[in-house]
Amino acid sequence: MEVKDVLKGLREKNGLTQDQMAQRVNVTRQAVSRWETGETQPNTELLKVLSREFNVSINTLLGSPRTLFCQCCGMPLSEDSLISREKGGEFNEDYCKWCYADGNFAYKTKDSLLDFLVRETPNPENKGADERRAIFDGQLSQLKHWR
């Protein structure tokens, strides 16, 4: 989906006119109109404002151009409801809500996350704990948080 379609859909979903949306994010109605026709796009600061105001991630506002993955556990972040938040409520698109919330990481060490994964994830192939731990460790080592 293109940015112009996302923004128009967001406005319509919230039952706003272009003028009302413009007032909520402190721009002109003409700016909103240009976004919706694709003539221009909001700058980085306006994307942050739109994200906060309408409770959607910047990735969503941009038409989901990137596939997001938690950089702690590797889980796909396919919906905004899975994305972590900072203390101020802003989205942190690097982590899932289970690994990072309100400025704090749930897993202080990679070993604590590995213990959780070995204990809680399904094991349909009945692999041993040491083998599973090694597999998970290899996967986690690829993620930004554990490099």
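- Counting only residues at least two apart or in different chains, ring-ring contact (aromatic ring centres under 6.0 Å, His included) contacts with residues 126-145 comprise Tyr95-His145, Phe105-His145.
- The ring-ring contact (aromatic ring centres under 6.0 Å, His included) contacts involving residues 32-80 comprise nothing, where partners must be two or more places apart or lie in separate chains.
- Partners of Thr44 under the side chain to side chain donor-acceptor pair (under 3.5 Å) rule, at least two apart in sequence or in another chain, do not exist in this structure.
- Qualifying side chain to side chain donor-acceptor pair (under 3.5 Å) partners for Arg34, counting only residues two or more places apart in sequence or in other chains: none.
- Taking Ala22 as the reference, Val27, Val32 meet the side-chain contact (heavy atoms from CB on, under 4.5 Å) condition, with sequence neighbours excluded.
- Distance check, rounded to the nearest 0.5 Å: CG of Leu77 to OG of Ser57 gives 9.5 Å.
- A continuous path of ILVMFWY side-chain contacts below 4.5 Å connects Leu68 to Trp98, so both sit in one hydrophobic cluster.
- With sequence neighbours excluded, no residue forms a salt bridge (charged side-chain N to carboxylate O under 4.0 Å, His left out) with Glu90.
- Residues passing the side-chain contact (heavy atoms from CB on, under 4.5 Å) test with Ile135 are Lys127, Glu131, Gln139, sequence neighbours excluded.
- Residues in residues 133-143 take part in these salt bridge (charged side-chain N to carboxylate O under 4.0 Å, His left out) pairs, two or more places apart or across chains: Lys110-Asp137, Asp111-Arg133, Asp115-Arg133.
- In this structure, Lys108 places its NZ atom where more than 12 heavy-atom neighbours from other residues, nucleotides or ligands lie under 6.0 Å away.
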Output a table of donor-acceptor pairs, distance under 3.5 Å, between side-chain atoms of residues 1-9 and any protein atom two or more places apart or on a different chain; print 'none' if there are none.
none

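- Listed by chain and number, the residues in a side-chain contact (heavy atoms from CB on, under 4.5 Å) with Asn126 amount to none (sequence neighbours excluded).
- Evaluation of the side chain to side chain donor-acceptor pair (under 3.5 Å) rule for Asn92 yields Glu86 as partners, not counting sequence neighbours.
- In terms of the side chain to side chain donor-acceptor pair (under 3.5 Å) criterion, residue partners of Asp19 (sequence neighbours excluded) are, by chain and number, Gln23.
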